[in-house]
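Notes for the one structure printed next.
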Amino acid sequence: MTKKDSKSGLSNRNFISDLDNSEIDIGKNINLLVRNKVLIGSIASTGLFIGLIIGNVKQTIWQGEFKILVSKNQSSMGFGAGSTASQFIQNNNQILGQLGIQTNAEQNIKTEVEVLKTPSVMKPVFDFIKNKKIETGEEGKNWRYRDWVKESFKINIPKGTSILEITYQDTSRDLIIPVLNKISSAYQGYSRKDRSRSITKGLKYLEKQIEVYREKSLSASSKVQEYALENDLSFSQTQSSLGGKSNFALGVDSNPDDLSNLEYLRISSRNRIRNIDEYIGMLDGLQPNSEQIVSIASGFYSTNKITSLILDELMANNSVIATKLAYFTEEDPMIKRLKKKKLYLIKSLNNELRSHLIANKEAAISLLNTSNRPKDVLIKFRELTKEAQRDEATLLQLEGSKRILALEEARIDDPWELITQPILLDQPVGPRKKRILALGLLFGGFAGYGLALVKEKKSQLIYETKEIESLLDYPLLLNLKTSLQSKWDESLGLLVDGVAKKDINGSLALLPIGDTSKIDIEIFKLKLKKALGGNSLITTTNLVEAKKASQQIIVTSPGICTADQIKDFKNNLALQGKPVLGYIVIEDI
């Protein structure tokens, strides 16, 4: 067997052993219940009776309920879901966070639940109920608000909905509907007041921030302009609507996202000079009358008027040459004059194109020289420009926010929606008598089981055959059951004829362990004597007397002896020194 197989076998044996132990534990518990069925049954019946009394003594509990839709027409601060303010909330979380306004729908619902439980909303309702209880003579003076909310007032949010299910329970049936109406009114009043307070708080905050950022924006803009004038930079500023961008430019066309166009001009000028040098290099590599000059000049047809005129005349001349060649030879004087004119036009095109490129290169060099600024000047200008942009954008956003809040302050809207009217359930919800009876029976059964366990533990008696086997080192000869006494004769006969016959010479000592009055020892003795035939049987607990017999057999039963008794008996047998055939267990089953 491999090491892996060995481990697998060991694991399987452990698993089987665990199953055996589990079965033994279950069997032990069942045996414990059977042995103590009277005790456990009486205590369980007592628990059932107590539950019956409690169920009849407890007051009847009534329940009412209504439902509120929170988020369909309500968002943060009571703004409607389709309102302009709602859109503003979604786009301006940072500002709303500073105002302490939540924008998450789930957080809103949880907030509504917590608000509905606060004393600021529910304390008047609690005082109303308490006074009514005192007026009717019910115990209400020692009521505490926290206990009342926890025990009587429930709020449930069905999964995946924005609905609050509000329930109220009370022993007074007539109080349910009035209390629910007061809860509804109290929450409605609180929500309106909370919405108004939130908007007012937001307006005050925005006004202060607008003043701060207006000063910051003016200061930042002034710094940019002063710095631009000091460093010969052109500066312009345009404002966009709320949510747009502000463009700071330097008096030239460029990418609107660039903060400084000087760098753009410098890069574009360098690229232009590089391109012009490439064209001049191409012209330098050609003959003055090369027809490739025409191809190069065609790229400047729309940018240079003289070049375009020469190209047009050259094309017309080529057209005439092509027509005349259809009728005249190359040696014709007219053809020669036309070709001479063509060479002249190409040379003129070459000169004009070269002059045009040189002029553009000088202009680009001039622009490059003009746009040169120290690196630290450009870096600082960028920083100042960015700061001015941020301050201006924040100012515009704050002013837009203030306008929206002002509009919401003037708008009338219910902060919530009652989707069901308060109702009283037809049947009481408590006390749940069946549940109380079941709990009484359950607790009584557990208490009886525990008491039986303690009783048997205290007695120290051994009730399991397996435990007896583990304490006695002798072989188990027979396991007899009192319910099968009719088969004892056969079992004892086989024992005497088989195991004991060769070892018994005249007499056999029967050694009982424990309280033998609890087992049918007399019936067992009669049946054993019958099986022994002519051999005598001595039944005694005196080991000195038992030593006279040729062989000894131990007899015991679960529940009549303790572990200490068995151990003492084993020690005395060892001192006696007489052989023992084994032991017989008689189970009262």
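In what follows, every heavy atom counts, from backbone to side chain, and hydrogens, waters and symmetry copies are set aside.
- In this structure, the side chain of S221 does not engage the main chain of L218 through any donor-acceptor pair within 3.5 Å.
- In this structure, the separation between CG on L439 and CG on L48 is 11.0 Å, given to the nearest 0.5 Å.
- Considering all non-hydrogen atoms of both residues, T60 and P428 come closest at CG2-CB, 3.3 Å.
- From T394, atom OG1 reaches atom CD of E399 across 11.0 Å, with rounding to the nearest 0.5 Å.
- Judged by distance alone, with hydrogens and angles left aside, the side-chain atoms of S470 form a donor-acceptor pair with the main-chain N or O of E467 at under 3.5 Å.
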Run the numbers on T167 and N156 for side chain to side chain contact (heavy atoms under 4.5 Å, CB included), then give the verdict. CA-CA 8 Å; T167 60; N156 180 46; over 6 Å; no
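- Atoms CG and CD, from N479 and E587 in turn, are 4.5 Å apart once rounded to the nearest 0.5 Å.
- Residue K204 qualifies as open at atom NZ: its count of foreign heavy atoms under 6.0 Å is 12 or below.
- Of all heavy-atom pairs spanning I129 and L175, the tightest one is CG2-CD1, 4.4 Å.
- In this structure, the side chain of K208 does not engage the main chain of Y205 through any donor-acceptor pair within 3.5 Å.
- Note: W488 and F524 have perpendicular aromatic rings, judged against thresholds of 30 and 60 degrees for the angle between ring planes.
- Taking every heavy atom of both residues into account, N181 and P422 meet most closely at OD1-CG, 3.4 Å.
- Within a 6.0 Å radius of OH in Y463, more than 12 heavy atoms belonging to other residues, nucleotides or ligands are found.
- Expressed to the nearest 0.5 Å, how far CG of D127 lies from NZ of K132 amounts to 13.5 Å.
- Remark: D174 pairs with no residue by the salt bridge (charged side-chain N to carboxylate O under 4.0 Å, His left out) rule, at least two apart or across chains.
- In this structure, S217 contributes its side chain and Y213 its backbone to no donor-acceptor pair below 3.5 Å.
- Counting only heavy atoms from C-beta outward, the side chains of P158 and E165 approach each other to under 4.5 Å.
- Between the side chain of Y168 and the backbone N or O of I177 there is no donor-acceptor pair closer than 3.5 Å.
- When side chains are defined from C-beta on, K455 does not count as touching S459, because their heavy atoms never get closer than 4.5 Å.
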Please assess E456 against R35 for the test salt bridge (Lys or Arg N to Asp or Glu O under 4.0 Å), listing each intermediate value before the final yes or no. CA-CA 10 Å; E456 291 194 356; R35 289 193 300 270; 2.9 Å; yes
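- A donor-acceptor contact shorter than 3.5 Å is absent between the side chain of T562 and the backbone of Q460.
- Looking at heavy atoms from C-beta onward, I50 lies out of side-chain contact with F443 at the 4.5 angstrom threshold.
- The two atoms that bring E65 and L180 nearest to each other are N-CD1, 3.3 Å, heavy atoms only.
- A donor-acceptor contact shorter than 3.5 Å links the side chain of S557 to the backbone of I586.
- Side chains of V585 and L480 form no contact here, defined as non-hydrogen atoms less than 4.5 Å apart.
- Between A220 and D391, the shortest heavy-atom distance links the atoms CB-OD2, 3.8 Å.
- Annotation: F446, atom CZ; neighbour count of heavy atoms from other residues, nucleotides and ligands within 6.0 Å does not exceed 12.
- The shortest distance between side-chain heavy atoms of I462 and L471 falls below 4.5 Å.
- With sequence neighbours excluded, no residue forms a salt bridge (charged side-chain N to carboxylate O under 4.0 Å, His left out) with R146.
- Rounding to the nearest 0.5 Å gives a distance of 5.5 Å between CD of E469 and CG of L476.
- Within a 6.0 Å radius of NZ in K154, other residues, nucleotides and ligands contribute more than 12 heavy atoms.
- For the atom pair CG (L441) and CZ (F49), the distance works out to 14.5 Å, reported to the nearest 0.5 Å.
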Give the C-alpha distance, both sets of side-chain angles, the deciding distance and a yes or no for side chain to side chain contact (heavy atoms under 4.5 Å, CB included) between I176 and Q63. CA-CA 7 Å; I176 298 293; Q63 178 174 301; 6.0 Å; no
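- Proximity of I560 to L461: side-chain heavy atoms (C-beta onward) are nowhere separated by under 4.5 Å.
- In this pair, F153 and W148 present their aromatic rings parallel. The plane angle is below 30°, not in the 30 to 60° band.
- Inter-residue side-chain proximity for Y449 and N36 is flagged as unmet; no heavy-atom pair is nearer than 4.5 Å.
- The side-chain hydrogen bond (donor to acceptor under 3.5 Å, both in side chains) test applied to Y583 returns no partner, not counting sequence neighbours.
- Between D170 and V179, the closest side-chain pair of non-hydrogen atoms is not below 4.5 Å.
- Residue T556 comes nearest to C561 through the heavy atom pair OG1-SG, 3.6 Å, listed as atom of the first residue, atom of the second, then distance.
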